[in-house]
Amino acid sequence: MTFPGPLLPPYSVIVGVLLRLAVYLVTVLYSYAEQLFLKKDDSKVKKQDAPALCDLRLCKDGPIRNGHIGQRPPPINPERLKDFVEEDYLNGDVKTWEMKIVSRNEELLGDALSLVPQSSSRISLSSHNKLIRFEDISAAAFKIQSGVQKTPCMYSRLSKLYGVDIYLKKEFLQYTGSVKERGVLYLLTSLPQDQQRKGVIVASDGNFSMAVAYHASELRIPVFVIMSTSTSPARVKTCREYGAMVISYGTTAKDSQMHARRLAQENGYLYLEEEDSAVYLSGLGTMGLEMYEQVPKLDAVIFPAGGHCGLLAGSAAALKHLNPRISVIGVESESFPVLQQSLKAGHPAEDQACNNHHFYGDVSGLCFGSNSLQLTGKLVDKVVAVSEEDVLISMLRLLEYERATVDAEGAIGLAALVAGKLPELKGKRVAIAICSGNVDLHLLQRCIARALTLESRVCRFSLVISDSPADVSKLLEVLAREEARVLDIRQERTFVTSELFTVEVTCTVETRDKIHTAQLRNALLERYPTAAWTER
């Protein structure tokens, strides 16, 4: 009887177990070593970032004013902002946080927001916010080229009307209808990524807020817009469609601005306002580059001016560098010549107030900084002022000849030619910036109706005739013979001082031009000597 040998596993099984054990040990050792290396790298990064944090705390009134950024502010709930009012405060120990963008002449725009420690707590515009360079504008043009439209600068039929070769730069064709997109996009893309993640907040009902709302949403930056309760519903709706959280607060623009600043401080958002920083001016100045490229042999360029003269200053910097012989002209309203007074005084004027903000828009604002004022005084050849009537007629001309629906800011450049304020440009090649087309429908209707009245193309007269259908028919026959278009006709029988069986007829008619109106008036006075014309 034979007994089996000892029960041992096969040799191959033993080898397999040993290999698995070796692989397991190698894996554990590798993971442990990787953790050690990561800890060393983190300590190095913290040491390298420590000076930057110190610099941020030192720059109290410099390019960035900030609280203790080591403590991360609590995230804000968008639905919470809807009910956020004066008596309601967010919970938590939140440090104040605010950022203000300025510029330095020594830096390129790509580094314009770099953090530089300052020795003093106050920074003056004259010493640090110096003039921009052509390289800054070129850098801005390269960076925003894929985010804004290169709008056409086309020859206009208005040239024959005014004896000037007019080329219209149609910036109202931008997505938000304004040239402000150029400066806003460069401003937003120049922000550090951590600030882009936190979000921005703006308090305005103008083109600047709409440009911020659109481009911040496109860049996936949280954006909040604070508007006063007097803002038109159409503008509020537009900002919301662009992707911004719109909050209506206060009855005036000052109330909404104060509310926006407080929200920014308590929630860690970046408060943006339209200033004359080098970043913003360089973005606006890219329009001057395009105009120079699109229209060869330019003699003069006309821009809107006023308090917010950033477009004029930035574009002048580009044009004068490319060709110093090009004449750069600014146009503002004669009701509040903010820029002219600021240039005479040598500093931004602060006592000019405009009571017609809804019509003039950003042109009616106060002069917001010495940087743009200094550029304007150095590079702009001439600043002229035009009346409200000239602006209205300019809006009508652009609508009729160019099919362009623009606001006062977009039409004020052409108004200088309409008013005859630039006779030296006769026969020359001139480019005009049509920089804004955001006009409310009800305001547009009123502007066009007033412009037609100013040109005597819509007129009104009243006369007394017998209260019979035959006499009314004869009046209509006279109007038809003179080819006048009847817009409205009214008959008054009660509140009249004439005989009992008479009626006072008031007609509103449309004519071709002033000559046609004079012919109609003579024909009516010949038939009805007592006809009275309503003067505008």
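Two residues are said to be in side-chain contact when any heavy atoms from C-beta on lie closer than 4.5 Å; Leu373 and Leu339 meet this criterion. For the pair Trp533 and Leu520, the minimum side-chain heavy-atom distance is below 4.5 Å. Side-chain contact between Ile329 and Phe303 is absent, with no heavy atoms from C-beta onward closer than 4.5 Å. Using a 4.5 Å heavy-atom threshold, the side chains of Asp299 and Ile326 count as separate. In this structure the side chain of Pro152 reaches within 4.5 angstrom of the side chain of Leu173, judged on heavy atoms. Side chains of Val200 and Val212 form a contact here, defined as non-hydrogen atoms less than 4.5 Å apart. With a 4.5 Å cut-off on side-chain heavy atoms, Pro304 and Val331 do not count as touching. The shortest distance between side-chain heavy atoms of Leu272 and Ile201 does not fall below 4.5 Å.
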Note to self: Evaluate Thr511 against Arg457 for side chain to side chain donor-acceptor pair (under 3.5 Å), listing each step before the verdict.
What the structure shows: CA-CA 5 Å; Thr511 59; Arg457 292 166 58 180; over 6 Å; no
Note to self: One pair to check against side chain to side chain contact (heavy atoms under 4.5 Å, CB included): Leu311 and Cys435. What are the steps and the verdict?
What the structure shows: CA-CA 9 Å; Leu311 175 63; Cys435 59; 4.0 Å; yes
Checklist line | salt bridge (Lys or Arg N to Asp or Glu O under 4.0 Å) assessment of Glu273 paired with Arg261 | finding: CA-CA 10 Å; Glu273 58 183 345; Arg261 289 180 182 273; 3.2 Å; yes
Next item on the list: Check the pair Lys169 / Thr151 against side chain to side chain donor-acceptor pair (under 3.5 Å), numbers first and verdict last.
Entry: CA-CA 7 Å; Lys169 179 63 171 173; Thr151 55; 3.1 Å; yes
Next item on the list: Test side chain to side chain contact (heavy atoms under 4.5 Å, CB included) on Ile489 and Thr506 and set out the steps.
Entry: CA-CA 6 Å; Ile489 184 169; Thr506 302; over 6 Å; no
Margin query: Assess the residue pair Arg493 and Glu504 against the criterion (salt bridge (Lys or Arg N to Asp or Glu O under 4.0 Å)); give the C-alpha distance rounded to whole Å, side-chain angles, the decisive distance to 0.1 Å, and a yes or no.
Written below: CA-CA 7 Å; Arg493 296 179 175 84; Glu504 183 180 18; over 6 Å; no
Next item on the list: Take Val328 and Leu379, measure what side chain to side chain contact (heavy atoms under 4.5 Å, CB included) needs, and give me the verdict at the end.
Entry: CA-CA 8 Å; Val328 179; Leu379 302 175; over 6 Å; no
Next item on the list: In sequence, state the C-alpha distance, the side-chain angles, and the governing distance for Phe134 and Leu289, and then conclude on side chain to side chain contact (heavy atoms under 4.5 Å, CB included).
Entry: CA-CA 10 Å; Phe134 180 76; Leu289 283 179; 3.4 Å; yes
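At distances below 3.5 Å, not a single donor-acceptor pair connects side-chain atoms of Asn371 with backbone N or O atoms of Ser277. The main-chain N or O of Arg521 is never found under 3.5 Å from a side-chain atom of Glu526 such that the two would form a donor-acceptor pair. Checked by atom type and distance alone, the side chain of Asn522 pairs as donor or acceptor with a backbone atom of Ala518 at under 3.5 Å. Between the side chain of Gln174 and the main chain of Gln149, a donor-acceptor pair closer than 3.5 Å is present. Side chain of Thr502 to main chain of Val464: no donor-acceptor pair is present (N/O by atom type, distance under 3.5 Å, no hydrogens or angles). Of the possible polar contacts, none joining the Ser178 side chain to the Asn207 backbone as a donor-acceptor pair under 3.5 Å is found. One N or O on the side chain of Lys421 and one on the backbone of Ala385 form a donor-acceptor pair closer than 3.5 Å. With hydrogens and angles disregarded, a donor-acceptor distance shorter than 3.5 Å links the side chain of Asn438 to the backbone of Thr176. Put simply, the side chain of Gln340 gets close to the backbone of Val383: a donor and an acceptor are under 3.5 Å apart. Remark: side-chain polar atoms of Glu290 are not paired, donor with acceptor, to backbone N or O of Lys150 under 3.5 angstrom.
Between Phe224 and Tyr269, the ring centre distance stays below 6.0 Å.
Every residue two or more places apart in sequence or in another chain was checked for a ring-ring contact (aromatic ring centres under 6.0 Å, His included) with His516, and none qualifies. Listed by chain and number, the residues in a salt bridge (charged side-chain N to carboxylate O under 4.0 Å, His left out) with Asp440 amount to none (sequence neighbours excluded).
Atom CD of Glu477 and atom NZ of Lys474 lie 8.5 Å apart (nearest 0.5 Å). Taken from OG1 in Thr530 to CG in Leu525, the straight-line distance is 9.0 Å, to the nearest 0.5 Å. Put simply, CD on Glu409 and OG on Ser333 are 12.5 Å apart, with the number rounded to the nearest 0.5 Å. Atom OG in Ser209 sits 15.5 Å away from atom OH in Tyr214 (nearest 0.5 Å). Within the model, atoms CG of Asp407 and OG1 of Thr405 stand 10.5 Å from one another, a figure rounded to the nearest 0.5 Å. Atom-to-atom distance recorded for Ser282:OG and Ile144:CD1 is 10.0 Å, nearest 0.5 angstrom.
The environment of CD in Gln445 is sparse: at most 12 heavy-atom neighbours from other residues, nucleotides or ligands sit within 6.0 Å. Within a 6.0 Å radius of CZ in Arg460, no more than 12 heavy atoms belonging to other residues, nucleotides or ligands are found. Around atom CD of Glu499, no more than 12 heavy atoms belonging to other residues, nucleotides or ligands sit under 6.0 Å away.
Using cut-offs of 30° and 60° on the angle between ring planes, the pair Tyr175 and Tyr242 is tilted.
For Cys507 against Val505, the heavy-atom pair with the smallest separation is SG-CG1, 3.9 Å. Taking each heavy atom of Ile432 and Leu417 in turn, the nearest pair found is CD1-CD1, 3.7 Å. The minimum heavy-atom distance between Ile393 and Val418, with the atom names listed, is CG2-CG1, 3.8 Å. Pairing each heavy atom of Ser256 with each of Met227, the nearest pair is CB-C, 4.1 Å. Nearest heavy atom pair, residue Ala484 against residue Val509, reads CB-CB, 4.4 Å. Of all heavy-atom pairs between Gly437 and Phe172, the closest is N-CB, 3.6 Å.
Salt bridge absent: Glu455 and Arg450 never bring a charged side-chain N and a carboxylate O closer than 4.0 Å. Taking 4.0 Å as the cut-off between side-chain N and carboxylate O, Lys180 and Glu274 count as a salt-bridged pair. Taking a cutoff of 4.0 Å between a charged side-chain nitrogen and a carboxylate oxygen, Arg397 and Glu402 do not qualify as a salt bridge. Of the charged side-chain nitrogens involved, none lies within less than 4.0 Å of a carboxylate oxygen, so that Asp165 and Lys297 do not count as a salt-bridged pair. Using a cutoff of 4.0 Å between basic side-chain nitrogens and carboxylate oxygens, Arg490 and Asp488 are scored as salt-bridged.
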